[in-house]
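Reviewing the structure listed below.
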Amino acid sequence: MLKCPKCNEKLIQVNRSYKCIHNHTFDLSKSGYLNVSLKNKKNSGDNELMIKARSSFLEMNYYDFMRQFVKNKLSKEDILVDAGCGQGYYTKEFSQNVKECYGLDLSKEAILYASKHDKNTLYFVASLFDMPFFSNSIDCVTSIFVPLGKEEIYRILKPNGKWIVVGPGPRHCWELKEHLYEVPYENKLPSCIQEGFEMIQRDIISNRIFVQDVWSLLEMTPYRYKTSKQALEKLQQSNGFEVTFEFVVTEWRKL
Ligand SMILES: C[S@@+](CC[C@H](N)C(=O)[O-])C[C@H]1O[C@@H](n2cnc3c(N)ncnc32)[C@H](O)[C@@H]1O
(Lines give C-alpha, C1' and ligand atoms only; values in the text may rest on other atoms or scores of the structure.)
Protein backbone atom coordinates (compact mmCIF):
# COMPACT_ATOMS: atom_id res chain seq x y z
CA MET A 1 0.00 0.00 0.00
CA LEU A 2 1.40 3.39 -1.00
CA LYS A 3 1.40 6.70 0.86
CA CYS A 4 0.80 10.12 -0.69
CA PRO A 5 4.05 12.12 -0.36
CA LYS A 6 2.05 15.36 0.00
CA CYS A 7 -0.44 14.49 2.76
CA ASN A 8 0.52 10.96 3.91
CA GLU A 9 -2.92 9.53 3.11
CA LYS A 10 -3.41 6.25 1.24
CA LEU A 11 -2.80 6.30 -2.53
CA ILE A 12 -5.33 4.25 -4.50
CA GLN A 13 -4.81 3.17 -8.11
CA VAL A 14 -7.47 4.47 -10.49
CA ASN A 15 -6.68 3.29 -14.03
CA ARG A 16 -3.21 4.70 -14.80
CA SER A 17 -3.09 7.11 -11.86
CA TYR A 18 -2.62 6.92 -8.11
CA LYS A 19 -4.83 9.29 -6.08
CA CYS A 20 -5.37 10.10 -2.40
CA ILE A 21 -8.54 11.42 -0.74
CA HIS A 22 -7.26 14.99 -1.19
CA ASN A 23 -7.07 14.36 -4.92
CA HIS A 24 -3.27 14.54 -5.11
CA THR A 25 -2.67 12.61 -8.31
CA PHE A 26 0.41 10.79 -9.63
CA ASP A 27 0.21 9.37 -13.15
CA LEU A 28 1.96 6.20 -14.25
CA SER A 29 4.41 6.92 -17.06
CA LYS A 30 4.20 5.14 -20.40
CA SER A 31 6.75 2.57 -19.25
CA GLY A 32 4.91 2.13 -15.94
CA TYR A 33 6.86 4.05 -13.27
CA LEU A 34 5.50 6.59 -10.81
CA ASN A 35 7.15 9.94 -10.14
CA VAL A 36 6.40 10.84 -6.51
CA SER A 37 9.46 13.03 -5.96
CA LEU A 38 8.70 16.46 -4.54
CA LYS A 39 12.30 17.57 -5.05
CA ASN A 40 13.37 20.20 -7.52
CA LYS A 41 15.45 19.13 -10.52
CA LYS A 42 18.80 20.25 -9.07
CA ASN A 43 19.16 17.21 -6.85
CA SER A 44 18.16 14.48 -9.24
CA GLY A 45 20.52 11.52 -8.77
CA ASP A 46 22.68 9.99 -11.49
CA ASN A 47 22.47 11.44 -15.02
CA GLU A 48 21.98 9.65 -18.34
CA LEU A 49 25.72 9.33 -19.02
CA MET A 50 26.35 7.72 -15.63
CA ILE A 51 23.41 5.36 -16.15
CA LYS A 52 24.70 4.29 -19.57
CA ALA A 53 28.22 3.65 -18.25
CA ARG A 54 26.86 1.64 -15.31
CA SER A 55 24.48 -0.36 -17.52
CA SER A 56 27.14 -1.37 -20.01
CA PHE A 57 29.39 -2.51 -17.17
CA LEU A 58 26.73 -4.28 -15.08
CA GLU A 59 25.33 -6.13 -18.08
CA MET A 60 28.64 -7.97 -18.40
CA ASN A 61 27.58 -9.66 -15.13
CA TYR A 62 30.87 -9.35 -13.25
CA TYR A 63 28.74 -8.51 -10.19
CA ASP A 64 26.28 -11.35 -10.69
CA PHE A 65 27.86 -13.48 -7.93
CA MET A 66 27.00 -10.76 -5.40
CA ARG A 67 23.51 -10.34 -6.89
CA GLN A 68 22.84 -14.08 -6.44
CA PHE A 69 24.27 -14.00 -2.90
CA VAL A 70 21.79 -11.28 -1.90
CA LYS A 71 18.92 -12.88 -3.84
CA ASN A 72 19.35 -16.05 -1.78
CA LYS A 73 18.69 -14.05 1.40
CA LEU A 74 15.21 -13.03 0.20
CA SER A 75 12.01 -14.94 0.81
CA LYS A 76 8.88 -15.58 -1.27
CA GLU A 77 6.84 -13.90 1.53
CA ASP A 78 8.81 -10.64 1.42
CA ILE A 79 7.62 -7.20 0.37
CA LEU A 80 10.92 -5.78 -0.87
CA VAL A 81 12.12 -2.22 -1.46
CA ASP A 82 15.39 -1.73 -3.36
CA ALA A 83 16.35 1.76 -2.15
CA GLY A 84 18.50 3.62 -4.71
CA CYS A 85 17.92 0.84 -7.25
CA GLY A 86 19.58 2.65 -10.17
CA GLN A 87 18.58 1.01 -13.45
CA GLY A 88 17.23 -2.07 -11.65
CA TYR A 89 20.07 -4.51 -12.36
CA TYR A 90 19.58 -6.09 -8.92
CA THR A 91 15.88 -5.28 -8.47
CA LYS A 92 14.80 -7.21 -11.56
CA GLU A 93 16.55 -10.35 -10.35
CA PHE A 94 15.35 -9.93 -6.74
CA SER A 95 11.73 -9.54 -7.92
CA GLN A 96 11.74 -13.24 -8.85
CA ASN A 97 12.27 -14.27 -5.22
CA VAL A 98 9.75 -12.07 -3.39
CA LYS A 99 6.00 -11.51 -3.12
CA GLU A 100 5.99 -7.78 -4.01
CA CYS A 101 8.87 -5.69 -5.32
CA TYR A 102 9.47 -1.91 -5.37
CA GLY A 103 12.47 -0.04 -6.76
CA LEU A 104 13.16 3.58 -5.97
CA ASP A 105 15.72 6.11 -7.16
CA LEU A 106 16.04 9.86 -7.45
CA SER A 107 17.27 9.56 -11.04
CA LYS A 108 14.46 9.70 -13.58
CA GLU A 109 16.77 8.31 -16.29
CA ALA A 110 17.64 5.29 -14.14
CA ILE A 111 13.99 4.61 -13.30
CA LEU A 112 12.94 4.97 -16.93
CA TYR A 113 15.51 2.32 -17.89
CA ALA A 114 14.47 0.04 -15.00
CA SER A 115 10.75 0.25 -15.73
CA LYS A 116 11.29 -0.56 -19.40
CA HIS A 117 13.24 -3.72 -18.58
CA ASP A 118 11.31 -5.14 -15.63
CA LYS A 119 7.55 -5.53 -15.47
CA ASN A 120 7.48 -7.41 -12.10
CA THR A 121 8.48 -4.34 -10.09
CA LEU A 122 6.79 -0.99 -9.46
CA TYR A 123 9.46 1.70 -9.86
CA PHE A 124 9.40 5.19 -8.34
CA VAL A 125 11.27 8.40 -8.89
CA ALA A 126 11.60 9.32 -5.23
CA SER A 127 14.14 10.10 -2.54
CA LEU A 128 15.22 7.27 -0.28
CA PHE A 129 15.04 9.80 2.56
CA ASP A 130 11.28 10.16 1.99
CA MET A 131 9.76 6.95 0.64
CA PRO A 132 6.09 6.53 -0.37
CA PHE A 133 5.49 3.64 2.06
CA PHE A 134 3.65 3.51 5.38
CA SER A 135 5.53 2.94 8.62
CA ASN A 136 6.09 -0.73 9.59
CA SER A 137 4.87 -2.02 6.21
CA ILE A 138 7.95 -3.49 4.46
CA ASP A 139 9.66 -6.86 5.12
CA CYS A 140 13.02 -6.18 3.52
CA VAL A 141 15.07 -3.24 2.19
CA THR A 142 18.20 -3.58 0.07
CA SER A 143 20.78 -0.75 -0.11
CA ILE A 144 23.44 -1.49 -2.70
CA PHE A 145 26.18 1.12 -3.14
CA VAL A 146 23.85 3.94 -2.05
CA PRO A 147 23.51 6.54 0.70
CA LEU A 148 21.89 4.70 3.61
CA GLY A 149 19.03 6.86 4.94
CA LYS A 150 18.84 4.72 8.06
CA GLU A 151 15.99 6.59 9.83
CA GLU A 152 13.66 6.28 6.84
CA ILE A 153 14.50 2.60 6.39
CA TYR A 154 13.84 2.00 10.09
CA ARG A 155 10.47 3.75 9.72
CA ILE A 156 9.19 1.69 6.78
CA LEU A 157 10.44 -1.73 7.96
CA LYS A 158 8.13 -4.01 9.94
CA PRO A 159 9.41 -5.03 13.39
CA ASN A 160 12.07 -7.72 12.81
CA GLY A 161 12.31 -6.55 9.17
CA LYS A 162 15.53 -7.22 7.24
CA TRP A 163 17.90 -4.60 5.87
CA ILE A 164 20.61 -5.85 3.52
CA VAL A 165 23.44 -3.39 2.88
CA VAL A 166 26.13 -3.93 0.24
CA GLY A 167 29.24 -1.83 -0.15
CA PRO A 168 32.84 -2.22 -1.35
CA GLY A 169 35.09 -4.72 0.42
CA PRO A 170 38.63 -3.76 1.53
CA ARG A 171 40.22 -4.90 -1.74
CA HIS A 172 37.39 -4.03 -4.14
CA CYS A 173 38.91 -3.09 -7.54
CA TRP A 174 42.40 -3.45 -6.07
CA GLU A 175 44.21 -3.98 -9.38
CA LEU A 176 42.46 -0.95 -10.90
CA LYS A 177 43.71 1.15 -7.99
CA GLU A 178 47.22 -0.28 -8.49
CA HIS A 179 47.09 0.97 -12.07
CA LEU A 180 45.93 4.42 -11.03
CA TYR A 181 47.82 5.18 -7.82
CA GLU A 182 51.35 4.68 -6.54
CA VAL A 183 50.12 3.73 -3.10
CA PRO A 184 46.63 2.25 -3.22
CA TYR A 185 44.68 2.02 0.04
CA GLU A 186 42.25 -0.65 1.19
CA ASN A 187 38.67 0.45 1.85
CA LYS A 188 37.67 0.56 5.52
CA LEU A 189 35.00 -1.84 6.76
CA PRO A 190 31.69 -0.16 7.64
CA SER A 191 30.63 0.15 11.29
CA CYS A 192 29.33 -2.92 13.11
CA ILE A 193 26.77 -0.78 14.92
CA GLN A 194 23.56 0.75 13.55
CA GLU A 195 21.31 2.14 16.25
CA GLY A 196 17.89 0.44 16.19
CA PHE A 197 19.23 -2.59 14.32
CA GLU A 198 20.94 -5.84 15.26
CA MET A 199 23.59 -7.29 12.95
CA ILE A 200 22.55 -10.79 11.89
CA GLN A 201 25.39 -11.58 9.54
CA ARG A 202 28.29 -9.97 7.73
CA ASP A 203 30.06 -11.62 4.78
CA ILE A 204 32.94 -10.47 2.64
CA ILE A 205 32.60 -12.12 -0.74
CA SER A 206 35.03 -11.78 -3.61
CA ASN A 207 35.87 -12.94 -7.10
CA ARG A 208 38.85 -12.18 -9.37
CA ILE A 209 37.79 -11.75 -12.97
CA PHE A 210 39.52 -10.70 -16.20
CA VAL A 211 38.06 -7.37 -17.31
CA GLN A 212 38.77 -6.25 -20.84
CA ASP A 213 36.89 -2.94 -20.75
CA VAL A 214 38.57 -1.46 -17.70
CA TRP A 215 37.47 2.00 -18.79
CA SER A 216 33.79 1.11 -18.24
CA LEU A 217 34.74 -0.16 -14.80
CA LEU A 218 36.51 3.11 -14.03
CA GLU A 219 33.41 5.07 -15.10
CA MET A 220 31.46 3.25 -12.35
CA THR A 221 33.82 4.32 -9.61
CA PRO A 222 34.61 7.60 -7.84
CA TYR A 223 38.24 7.22 -9.04
CA ARG A 224 37.11 8.57 -12.43
CA TYR A 225 37.12 12.04 -10.88
CA LYS A 226 40.07 11.61 -8.50
CA THR A 227 42.81 10.47 -10.86
CA SER A 228 45.56 12.34 -12.71
CA LYS A 229 45.20 12.82 -16.47
CA GLN A 230 48.40 10.84 -16.99
CA ALA A 231 47.10 7.79 -15.12
CA LEU A 232 43.79 7.98 -17.00
CA GLU A 233 45.60 8.01 -20.34
CA LYS A 234 47.65 4.98 -19.31
CA LEU A 235 44.50 3.10 -18.41
CA GLN A 236 42.87 3.99 -21.72
CA GLN A 237 45.63 2.07 -23.49
CA SER A 238 45.19 -1.07 -21.41
CA ASN A 239 43.92 -4.27 -23.02
CA GLY A 240 42.45 -5.39 -19.73
CA PHE A 241 43.60 -7.20 -16.60
CA GLU A 242 42.28 -9.32 -13.74
CA VAL A 243 40.34 -7.34 -11.16
CA THR A 244 39.24 -8.33 -7.66
CA PHE A 245 35.58 -7.60 -7.00
CA GLU A 246 34.97 -7.68 -3.28
CA PHE A 247 31.79 -6.79 -1.41
CA VAL A 248 30.76 -6.45 2.20
CA VAL A 249 27.21 -7.76 2.60
CA THR A 250 25.66 -6.96 5.96
CA GLU A 251 22.26 -8.19 7.05
CA TRP A 252 20.57 -6.15 9.80
CA ARG A 253 17.36 -6.85 11.69
CA LYS A 254 15.12 -4.03 12.93
CA LEU A 255 14.83 -4.18 16.73
C1 LIG B 1 26.21 3.97 -7.21
S2 LIG B 1 24.56 4.05 -7.74
C3 LIG B 1 23.96 2.44 -7.26
C4 LIG B 1 22.72 2.04 -7.97
C5 LIG B 1 22.31 0.57 -7.78
N6 LIG B 1 21.99 0.27 -6.41
C7 LIG B 1 23.41 -0.31 -8.30
O8 LIG B 1 24.23 -0.76 -7.47
O9 LIG B 1 23.45 -0.54 -9.51
C10 LIG B 1 23.79 5.12 -6.57
C11 LIG B 1 22.35 5.40 -6.89
O12 LIG B 1 21.77 6.12 -5.81
C13 LIG B 1 20.88 7.08 -6.36
N14 LIG B 1 20.65 8.11 -5.32
C15 LIG B 1 21.53 9.00 -4.81
N16 LIG B 1 20.92 9.74 -3.85
C17 LIG B 1 19.65 9.28 -3.74
C18 LIG B 1 18.53 9.65 -2.95
N19 LIG B 1 18.61 10.63 -2.04
N20 LIG B 1 17.36 8.98 -3.11
C21 LIG B 1 17.27 7.99 -4.04
N22 LIG B 1 18.30 7.60 -4.83
C23 LIG B 1 19.47 8.24 -4.68
C24 LIG B 1 21.57 7.57 -7.61
O25 LIG B 1 20.68 8.19 -8.52
C26 LIG B 1 22.15 6.25 -8.15
O27 LIG B 1 21.25 5.61 -9.02
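One-based numbering, in listed order, for ligands and for the atoms of each.
Summarising the contacts of atom 7 (C) of ligand 1 with Phe57, Tyr90, Tyr89, the nearest heavy atom is found in Tyr90. Nearest to atom 12 (O) of ligand 1 by heavy-atom distance, out of Thr221, Ile51, Val146, is Val146. When the options Leu106, Asp105, Thr142 are ranked by their closest heavy atom to atom 25 (O) of ligand 1, first place goes to Asp105.
We find that Lys52 and Glu109 are not joined by a salt bridge, their nearest charged nitrogen and carboxylate oxygen being 4.0 Å or further apart. A salt bridge is absent between Lys99 and Asp139: the closest approach of a Lys/Arg side-chain nitrogen to an acidic carboxylate oxygen does not fall below 4.0 angstrom.
For Gln68, the CD atom is densely surrounded, since the number of other residues' heavy atoms within 6.0 Å is greater than 12.
Atoms of ligand 1 found under 4.0 Å from any heavy atom of Ser127 (numbered from 1 in listed order, with element): 19 (N), 20 (N). Per-residue contacts place Phe145 under 4.0 angstrom from the following atoms of ligand 1 (heavy atoms of the residue considered): 1 (C), 2 (S), 3 (C), 10 (C). Of all the atoms in ligand 1, the ones that sit under 4.0 Å from a non-hydrogen atom of Ala126 are 20 (N), 21 (C). Taking a cut-off of under 4.0 Å to the non-hydrogen atoms of Phe129, the atoms of ligand 1 that pass are 19 (N). Residue-ligand proximity, Leu58 to ligand 1, at heavy-atom distances under 4.0 Å covers atoms 9 (O).
For the pair Asn61 (side chain) and Asp64 (backbone), a donor-acceptor distance under 3.5 Å is absent.
At under 3.5 Å, a nitrogen or oxygen of Ile144, whether backbone or side chain, sits near a nitrogen or oxygen of ligand 1. Ligand 1 has a nitrogen or oxygen under 3.5 angstrom from a nitrogen or oxygen of Leu128.
Within the 4.5 Å cutoff, the side chain of Asn35 has no heavy atoms near those of the Ile111 side chain. Two residues are said to be in side-chain contact when any heavy atoms from C-beta on lie closer than 4.5 Å; Ile204 and Glu246 meet this criterion.
For the pair Pro132 and Val36, the tightest heavy-atom approach, listed with the atom from each and the gap, is CG-CG2, 3.9 Å.
Under the 6.0 Å cut-off for aromatic ring centres, Tyr102 and Phe133 qualify, their centroids lying closer than that.
With a 4.0 Å cut-off on non-hydrogen atoms, Arg54 touches ligand 1 through its side chain and not its backbone. Looking at Cys85 against ligand 1, only its backbone comes within 4.0 Å, counting heavy atoms.
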